[in-house]
Structures are given as structure tokens and as C-alpha cells.
Amino acid sequence: MERSALEGKTLAERLAESRAEASATPSAEPTENAAPQEIDTDAIVRAAKAMRDVNETRAARSRTCLVVDDSRVIRKVASKVVASLGYRVIEAENGEEALARCKQSMPDLVLTDWQMPVMSGPEFVAALRAIPTPHRPTVVFCTSKGAATDIHEGIAAGADDYVLKPFEEGALAAKLEKLGVR
């Protein structure tokens with residue numbers, strides 16, 4: 001895809017350039033018999049296409065986060081944090097449901113609890129890591145299990161990091177920032 005000179009510019013900058021291009025055509029003093037000034041539609045079309053292309057690129061980069069926890073409250077708090085970071089959020093109540101969602105569409109980020117019915121967090125993460133995918137999601141445990149052996153077990157299962165519950169929104173956002181998933 002060809003890169004436009006307008007890519008990366010703000011809407012106001014693009015509009016100003018579009019207007020500047022449109023008004024750059026020489027114009028004579030209007031006379032009674034003169035035709036109305038022609039609008040440079042080519043310049044406007046180029047600017048509109050450049051804005052469309054940037055918007056399509058942003059949409060293509062839309063990131064998803066799967067929040068896995070049997071507690072609806074924790075899912076909502078975590079969802080709020082990752083949504084504020086620009087993620088589209090998907091929720092699951094347990095590891096089995098989460099695994100099915102990952103097989104359907106692999107998320108960019110997974111925040112998962114440890115102790116859940118049906119399939120535990122470590123079982124889910126190990127099964128997730130066994131799925132062949134060109135895009136390996138970042139996985140963070142959000143759990144109350146904070147012993148060193150638990151953290152080692154979570155990382156061994158395939159998690160990238162660990163956040164202890166109860167967590168504050170700022171702490172979770174800082175952890176995600178540290179991981180570079182912001």
C-alpha cells in the first residue's frame with residue numbers, strides 16, 4: 001500500500017493542506033460572465049483517501065484483551081483498565097471458556113485468574129501456549145496466590161507476568177505499561 005504524505009498528520013493539518021491545495025489554483029477577479037471557481041476535487045479526494053487509509057490502519061491495529069476470572073467484579077475492574085488502554089475486551093468465566101475464545105480468535109493480551117472452576121489458570125495458560133499461533137499473546141496472572149512457588153508455577157505454565165489481587169487500577173495499568181502492551 002502506498003504511503004501518503006498526509007499519513008501521521010492530524011485531521012486539522014490534513015484539512016488545512018487540503019484547503020491550501022484547493023486554493024492554490026490561480027483565480028482571476030470574478031466578473032459578471034466568469035464561471036464559478038472550480039473546486040479542486042482531486043486534492044479533496046486525495047485528502048479523504050489519506051484519512052480513510054489512516055483510519056483503516058488504526059482499525060486493523062485494534063488490540064483485544066481476554067479477561068478470565070470467575071468473579072464478575074474482578075472482570076469488570078480489569079476490563080475497565082484495559083479498555084482505557086485502548087483494548088477491545090472479551091470476558092470469560094473460566095479457563096475452558098477462555099480456551100474456546102482463544103481458539104476462535106487469539107487475543108493480544110490475556111489477564112487470567114488462577115483459581116477458577118472447570119479449568120484452573122495454570123491449566124488454561126499451558127493449554128493456550130500449546131495452540132499453534134503466529135501471534136503469541138501476552139499473559140498476566142491476576143491472582144491472590146502470591147507465594148514464590150506459585151509465581152514460579154505460573155511463569156512455568158507460560159505466563160509473562162504476575163499481578164497480586166486485590167490490585168488497584170493504577171497498579172495494573174503500570175504493570176501492563178512495564179510489559180509494553182500499552
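Heavy atoms only: backbone and side chains are in, while hydrogens, waters and symmetry mates are out. Predicted model only: the values in this text are computed from it and were never measured.
Residues Val163 and Met116 do not share a hydrophobic cluster, clusters being chains of Ile/Leu/Val/Met/Phe/Trp/Tyr side chains in contact below 4.5 Å. In the hydrophobic cluster analysis, where Ile, Leu, Val, Met, Phe, Trp and Tyr join through side-chain heavy atoms closer than 4.5 angstrom, Tyr87 is grouped together with Leu172. The hydrophobic cluster containing Leu179 also contains Val89, counting ILVMFWY residues as joined when their side-chain heavy atoms lie under 4.5 angstrom apart, directly or transitively. Grouping the Ile, Leu, Val, Met, Phe, Trp and Tyr side chains by contacts below 4.5 angstrom, directly or via other members, places Leu66 apart from Val81.
Using a distance-only test at 3.5 Å, with no hydrogens or angles considered, no donor-acceptor pair links the side chain of Asp113 to the main chain of Val68. Side chain of Glu123 to main chain of Met119: no donor-acceptor pair is present (N/O by atom type, distance under 3.5 Å, no hydrogens or angles). A side-chain donor-acceptor contact under 3.5 Å links Arg63 to the backbone of Leu85. Between the side chain of Arg75 and the backbone N or O of Val67 there is no donor-acceptor pair closer than 3.5 Å.
Rounded to the nearest 0.5 angstrom, Leu164 CG and Phe141 CZ are separated by 12.0 Å. The NZ atom of Lys165 sits 6.0 Å away from atom OG1 of Thr143, with the distance rounded to the nearest 0.5 Å. Thr64 OG1 to Asp108 CG: the interatomic distance, rounded to the nearest 0.5 Å, is 4.5 Å. The distance from the CG atom of Asp160 to the NZ atom of Lys175 is 11.5 Å, given to the nearest 0.5 Å.
Looking at every heavy atom in both residues, Cys65 comes nearest to Leu111 through SG-CG, 4.0 Å. Across Cys102 and Pro107, no two heavy atoms sit closer than the pair SG-CD, 3.8 Å. Residues Pro117 and Asn94 come closest through the heavy atom pair O-CB, 3.2 Å.
Of the listed residues (Arg101, Lys76, Arg72), just one forms a side-chain hydrogen bond (donor to acceptor under 3.5 Å, both in side chains) with Glu91, and that residue is Lys76. Considering Asp161, Val110, Ile155, Leu109 as possible partners of Val139, the one that fulfils the side-chain contact (heavy atoms from CB on, under 4.5 Å) test is Val110.
For CD of Glu96, the number of neighbouring non-hydrogen atoms (other residues, nucleotides, ligands) closer than 6.0 Å is 12 at most. For CZ of Arg129, the number of neighbouring non-hydrogen atoms (other residues, nucleotides, ligands) closer than 6.0 Å is greater than 12. Within 6.0 Å of the NZ atom in Lys103, the count of heavy atoms belonging to other residues, nucleotides or ligands does not exceed 12.
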(request) Using the side chain to side chain contact (heavy atoms under 4.5 Å, CB included) rule, take Leu128 and Met106 through it: C-alpha gap first, then chi angles, then the decisive distance, then the call. (result) CA-CA 9 Å; Leu128 171 67; Met106 191 61 71; 3.7 Å; yes
(request) Give the C-alpha distance, both sets of side-chain angles, the deciding distance and a yes or no for side chain to side chain contact (heavy atoms under 4.5 Å, CB included) between Leu176 and Thr138. (result) CA-CA 10 Å; Leu176 297 176; Thr138 301; over 6 Å; no
(request) Start with the C-alpha distance between Leu99 and Ile131, add both sets of side-chain angles, then the distance that settles side chain to side chain contact (heavy atoms under 4.5 Å, CB included), and finish with yes or no. (result) CA-CA 9 Å; Leu99 195 57; Ile131 298 172; 3.7 Å; yes
(message) Show, in sequence, the C-alpha distance, side-chain angles and deciding distance for Cys142 and Asp69, and conclude whether the side chain to side chain contact (heavy atoms under 4.5 Å, CB included) test is met.
(response) CA-CA 9 Å; Cys142 296; Asp69 201 300; 5.5 Å; no
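Aromatic ring orientation, Trp114 versus Tyr162: perpendicular (interplanar angle above 60°, classes split at 30° and 60°).
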